[in-house]
Each structure stands twice: as structure tokens, then as C-alpha cells.
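Computed from heavy atoms alone, side chains included, the values below leave out hydrogens, waters and symmetry copies. The sequence lines fix the lettering, A, B, ..., with proteins before strands; numbering per chain opens at 1.
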Amino acid sequence: MKVMTLNFLTCAVKNCKSSNDSFPLHPKEAELAKDDIEINPQLLINVLPRIDWAALRTTSTELGFPTLPEQPPSPEDLQSDEALLKELHELLMETQMMEGKLVCGHCGHEYAVKNGVANFLLPSHLV
Amino acid sequence: MLPTPDTSHVPYQRVYEPAEDSFLLLDTLSSPSETAFLSSRFASPSPSSPSPAPLVLEVGPGSGVVIAFLTAHASTIFGSPHVLTTAIDVSPFACAATNLTVSKAVSENTSTSGFWTSATQGDLVSPFRPGSVDVLVFNPPYVPTPDLPAPPPTGLQALKEKTTFEEDSHLLELTYAGGRDGMETTDRLIEALPGVLSERGVAYILLCAQNKPEEVKGRIRVMGGEGKWKAETVGTSGKQAGWEKLQIVRVWR
């Protein structure tokens, strides 16, 4: 699963929806892979406005990537800072979590990631 | 006519094979009326003020034929290739098949493709953040059946090379069995729309005649009070269809 999806996935347990701690999910024992994708600055510029930047910073640090700046870059920043552009491209577009777990910060439930697919099916008592 | 994605790699003994319903979705979503609607809703007003890339989610992609089509032809359908696509399915086999179908379709249409973010295993929209989905597409299990099948066991993984006949049957049953009026799963999805769709969000849902589509549209139109939601039929299988008589309903605020 592309790391980008972590920016719109949350704990599936009903009771966790109202808590802020259920997003973002926390990767655990993550095995990562990197796809080779041509840099597309315009796509990144269009994607950034819908990214929760604070959550992305958390995810980035938790996966062992360098700390992202506190504020998201503007389109002009991205066009002039090639290093940042490459970093965001690699993190958001190229990096895949192949194995591991995604942990909810509120209820502690762990979702398994196997073969690049995260499994959010819940046992009936948690639905 | 935009080319249909290749799904020859998909194991049809346990994953839904594209059929009339799938093709109706492809035809409707790429029709002039819907491409005009989607392009005007999601395209950027100008290059200097980019519209945030929409997130397109297919619930229950099966083989992945529909989401692969939407991803591969994003420029044509949404007016821009700056589109994020994703999918969710209860079956790990459908997730694996979808990932492959989409990557094949994208590699054959690089100049018009959106960005595929991979398939997730799960129930309807349960793991998606509120307000995160801009376009939702759902070809439900719409056939009326006496009962709804149980969901697959949570531990069922696509890595399993040999599935039993019972496991395969169960997985296929999940692709079509809709319980009472064929609406038990669809109704759950409709209830979840106000929470998961963004302000500009739109959903496309396939219904058959036995789902009582006029009643379904009526229920949608009063969700959260009168006049908040719109529901219109934007595609039908018409008189040429077999006994199922299908239609696509567009739902939006």
C-alpha cells in the first residue's frame, strides 16, 4: 500500500471515529518497498492541498524518513526546492508498505499488512 | 470508445468476472454527460490555483476493471490526470487482482492516467476518514437472496494458493448476494455516504429493477432532511438488457 493512503485511512472501529487519536494509524514492524516513478511536480502540487500535513509529518518520522518542515510547502516552494520535491515524491508516490501492522492510537487495534494489502476487516464484536 | 482494461489474469472462480453491470458503469462514467459533470466539478479553475486532486474510491472493485478504467482514462473522464484512485474490497483476491489490473491499464495509458494508490481489504468505507472521498463508485452485490452471506474470515489472505471449493463459492456469493430486495449492503453504503463524501463528493451506485430504484432514490433525497441530497438516474441498460434491467444512480449534495 502506498504511504499516501495512510493520510486518508483511519481505525475502522466505530467507537474510534470520534477520537483524534485514531488518525493517522501508526506503522509497526513495517517492511517498505520503493517503486520507480517519474517525478511529476504538477501532480504533487495538486495533491498537497488535500494532504493532512501534520499527519504526514508523523507518518514520515515513524517510517524513518527525515523530519518534514513544520509548514507544508507552497507551489512556489516546491518548484524552487528540488530536494524537498524529491523527498515528498519518494515518500508519497514511491514508497509502499509491503508488510507490518497499522496500529490505532486510540483503541490499540492492529491491522495486518500482507503482500502490500492492508486488512481492515474486523471481528464481529468490534464492528 | 475508451479501451476496456485487460482482466485476463483474474481468477474468475473466486473473483467477479466483468459483466453487463461492469460495462454499464464504464459506459456511463465515460459518457458525455458524466465526463462534463465530473470535469467541471473537479478540474482546476486555472493552473495558478490548482484544485486539490480528487480521491476516487471504488467499493467492491472485484477484478478492478472499473477503477482501472477510471485511472487509465482520468484525463478524459475527470478533465485532468491529477486524480488519486483507490479501492476497497472484502476479498484479498479481489485486492490482488485489482492491483494488477490497474497497473496493467496504467502502463498502457501513461499520458492520461491518474495516480493509483493501491487496494485495501475491508468493509465498505469503514477505514476512510470522514469527508475524504470525492468520487465513490459502487457496483453492489444487488441480487435479492433469502439471506446475506457471512463476511470472509478476517484472516483470509490472498497468499493462500489453494482455496477450497467452499471458499471459492463463498467469495463468489459475496459478489452478488444482496439479501432482502438485494439492498442490504447497498443500504449500508448509502447510510455511510453523508459521512465519507467530501462537500463536492459524488457517488455512483448501480441498481437493478428488483432493488426498487425509485424508492431508493426517494430515500436518498430525504437523507438528513429535505433537499440536502440529489439522486438521478444517469445511465440505464435499457430495453436491450437481459432480465436484470440495470441503472446507474448519481448521488450528490
Side-chain angles (χ1 to χ4, degrees), chain A residues 1-14 16-18 20 22-25 35 37-38 40-52 55 74-76 78 89 92-94 96-99 102 104 109 111-124 126-127, chain B residues 42-44 47-55 57 80-84 86-96 98-99 103 106 110 113-134 150-160 195-196 198:
Chain A
M1 56 171 300
K2 299 265 181 177
V3 165
M4 193 193 301
T5 49
L6 288 175
N7 209 256
F8 34 85
L9 290 174
T10 171
C11 182
V13 175
K14 229 182 193 146
C16 287
K17 295 294 181 184
S18 45
N20 282 333
S22 59
F23 171 80
L25 294 168
D35 293 337
I37 299 178
E38 212 181 305
N40 187 339
Q42 200 52 50
L43 175 61
L44 256 173
I45 287 171
N46 281 64
V47 165
L48 277 182
R50 70 157 309 122
I51 293 289
D52 182 314
S74 66
E76 294 74 37
L78 268 186
H89 171 76
L92 283 170
M93 312 297 190
E94 294 186 316
Q96 294 238 38
M97 183 170 164
M98 298 307 291
E99 310 285 329
L102 295 172
C104 174
H109 191 82
Y111 299 98
V113 180
K114 292 206 178 161
N115 227 27
V117 178
N119 184 356
F120 285 88
L121 288 177
L122 290 169
S124 47
L126 287 178
V127 166
Chain B
F42 296 110
S44 298
S48 50
S49 60
S51 184
L55 177 65
L57 166 70
S80 158
H82 304 135
V83 168
L84 300 174
T86 191
I88 184 165
D89 201 294
V90 291
S91 162
F93 299 98
C95 290
T98 296
N99 279 332
S103 49
V106 165
T110 47
S113 287
F115 186 76
W116 169 242
T117 68
S118 73
T120 298
Q121 193 182 351
D123 175 57
L124 297 183
V125 294
S126 56
F128 291 96
R129 286 188 85 190
S132 59
V133 177
D134 295 297
T154 52
L156 182 64
Q157 300 293 347
L159 287 174
K160 204 173 175 191
V196 79
S198 62

Can you tell which part of [X] gets under 4.5 Å to a heavy atom of chain A, answering side chain, backbone, both or neither?
X: B/Leu55; answer: both
X: B/Phe128; answer: both
X: B/Asp89; answer: neither
X: B/Pro151; answer: neither

Rounded to the nearest 0.5 Å, what separates atom [atom1] in [X] from atom [atom2] in [Y]?
X: A/Asn40; Y: B/His82; atom1: CG; atom2: NE2; answer: 5.0 Å
X: A/Asn7; Y: B/Thr117; atom1: CG; atom2: OG1; answer: 11.0 Å
X: A/Met97; Y: B/Ser118; atom1: CE; atom2: OG; answer: 11.5 Å
X: B/Leu84; Y: A/Lys2; atom1: CG; atom2: NZ; answer: 11.0 Å

Less than 4.5 Å to any heavy atom of chain B: does that hold for the side chain of [X], its backbone, both, or neither?
X: A/Phe8; result: both
X: A/Met1; result: both
X: A/Lys14; result: neither

Point to revise | Selection from B/Gly114, B/Ser80, B/Ser132, B/Pro81 maximising heavy-atom pairs under 4.5 Å formed with chain A | key: B/Ser132

**Study point:** Options B/Gly195, B/Gly122, B/Pro54, ranked by heavy-atom pairs under 4.5 Å with chain A, top entry
**Key:** B/Gly122

Are side-chain heavy atoms of [X] and [Y] found at a separation under 4.5 Å?
X: B/Thr110; Y: A/Glu38; answer: no
X: A/Leu122; Y: B/Asp123; answer: no
X: A/Ile37; Y: B/Phe115; answer: yes

Check your understanding: Is there a donor-acceptor pair under 3.5 Å between the side chain of A/Arg50 and the backbone N or O of B/Ala53?
Key -> yes

Check your understanding: Shortest non-hydrogen contact from B/Cys95 to A/Val117?
Key -> CB-CG1, 3.9 Å

